[in-house]
Amino acid sequence: MIDVLYFAWVREKVGLPKETVDTTATTVSELIAELVERDARYGAAFADQSALLVAVDQELTDFDAPINNAREVAFFPPMTGG
Amino acid sequence: MIDVLYFAWVREKVGLPKETVDTTATTVSELIAELVERDARYGAAFADQSALLVAVDQELTDFDAPINNAREVAFFPPMTGG
Amino acid sequence: MSVIVQGESFDPGAALTDFSNRIQGAGAMVSFTGFVRDVPAGLLALEIEHYAAMTKRALDDIEQQAISRWHLSGSLIIHRFGSLKPDDIIMMVATAAEHRKAAFEAAEFMMDYLKSRAPFWKKESTRQGDEWVVAKTADEEALKRW
Amino acid sequence: MSVIVQGESFDPGAALTDFSNRIQGAGAMVSFTGFVRDVPAGLLALEIEHYAAMTKRALDDIEQQAISRWHLSGSLIIHRFGSLKPDDIIMMVATAAEHRKAAFEAAEFMMDYLKSRAPFWKKESTRQGDEWVVAKTADEEALKRW
């Protein structure tokens, strides 16, 4: 069980800010593949992965990152703070 | 007649902040030469001209600058504001 | 050394007074304040979304990097989230160091990192609709300076 | 757009509040504040002498250059003279512009010029005597950036 969070337009495309996912994925990429199979909304959100960033347990990382022991994975576009 | 002003250690070496000088000098350098002849205090103040800056009518300039029509000449070391 | 993430507005001058009272011994203090700019279509609101659990951690990390790299004697980051209007204050950073070069560089470093590495996202609402602000490649490029 | 030369102390935060209220439309505001630092021998006083008739003119010129080069929507220079003590405020500059890069650069430009082109001279008094502060070659070098 892992918490998956979505922000900005990723949140809008997926249609929710957060969900708990029962998954056997061991990397971020595998998790995305599982989600995309579940529903077209994920297909839309993850269509262009080069437009996305990912954080595992609140640390920016890349799509190959392991998530075996992760509690929380977040997907979002490049940040626009400041 | 021209007002001559001295600041910082130049003022301390000359011994006064301002004086009015009756001069026929046409450039800053000629004015310095006249002053140095007048008194040893000026010799001490102007001993190393490379350590000095000059402003004519409140604009930084160089020692060749004309002073024919100037009202005010000021001598001082490099500035240390800020 | 403080990081504040809040919805409420604040007065950058009052924040600078507080900060200046806490930095005895510093020769130089720099502050940066960001405000909401209007857009040609007329901005109704700027919505700032953030990833609360990560924001504090990301800002603390940026601040710590600046403190150790420029030997800051003081630093401050305040960033707002929520619904803002044109001319509203968005955020502020302040730095204190012995000399001006360190204080300026550390403030610019914090701003550059904050733009591209702190989890905030802006959405502009105008009469023509809502649009997520797109990250500028110039902001990503700015990180290469450090 | 204001230049103030005064003997009295001032609160940089209060000055920034005033400034921020006058710069509608700006996206970025930067301030720099300089304080008197103590010296190893123990500073009794820092005397700041200035050439009053030239100071305002020199600071106005520096400010005008910054305004036109970085299209500032606001700028401020406050510089003190007289007898100061450690931790006393010496001076402040503030800039407002559309974007952060312009606001930062203009503030650094004004500081660099103010250090080497505005007619102020500092003398440090310690128990070991009085000494005029010597201009740093690094400060003269800093002007080459512009």
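A, B, ... follow the sequence lines: proteins, then strands. Residue 1 opens every chain. What's counted below: heavy atoms across the whole structure, side chains too, no hydrogens, waters or symmetry copies.
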Does any backbone or side-chain atom of [X] lie under 4.5 Å from a heavy atom of chain A? Answer side chain, backbone, both or neither.
{"X": "Arg80(C)", "answer": "neither"}
{"X": "Ala118(C)", "answer": "backbone"}
{"X": "Val93(C)", "answer": "neither"}
{"X": "Ile48(C)", "answer": "neither"}

Top contributor to chain A contacts, counting heavy-atom pairs under 4.5 Å, from Met91(C), Lys123(C), His50(C), Arg57(C): Arg57(C)
Leading residue by heavy atom contact count with chain A [cutoff under 4.5 Å; candidates Phe81(C), Trp121(C), Phe120(C)]: Trp121(C)
More than 12 heavy atoms of other groups within 6.0 Å of Gln24(C) CD: no
Minimum side-chain heavy-atom gap Thr26(A)-Pro66(A) below 4.5 Å: no
Student check: side-chain heavy atoms of Tyr6(A) and Leu16(A) closer than 4.5 Å: yes
SB check Arg38(A) Glu34(A) (cutoff 4.0 Å): no
Asp60(C) bridged to Lys56(C) by N-O distance under 4.0 Å: yes
Main-chain N/O of Glu72(A) paired to Asp57(A) side chain as donor or acceptor, under 3.5 Å: yes
Leu53(A) versus chain C, the contacting section by heavy-atom distance below 4.5 Å: neither
Interchain contact, Ala55(A) with chain C, by part (heavy-atom threshold 4.5 Å): side chain
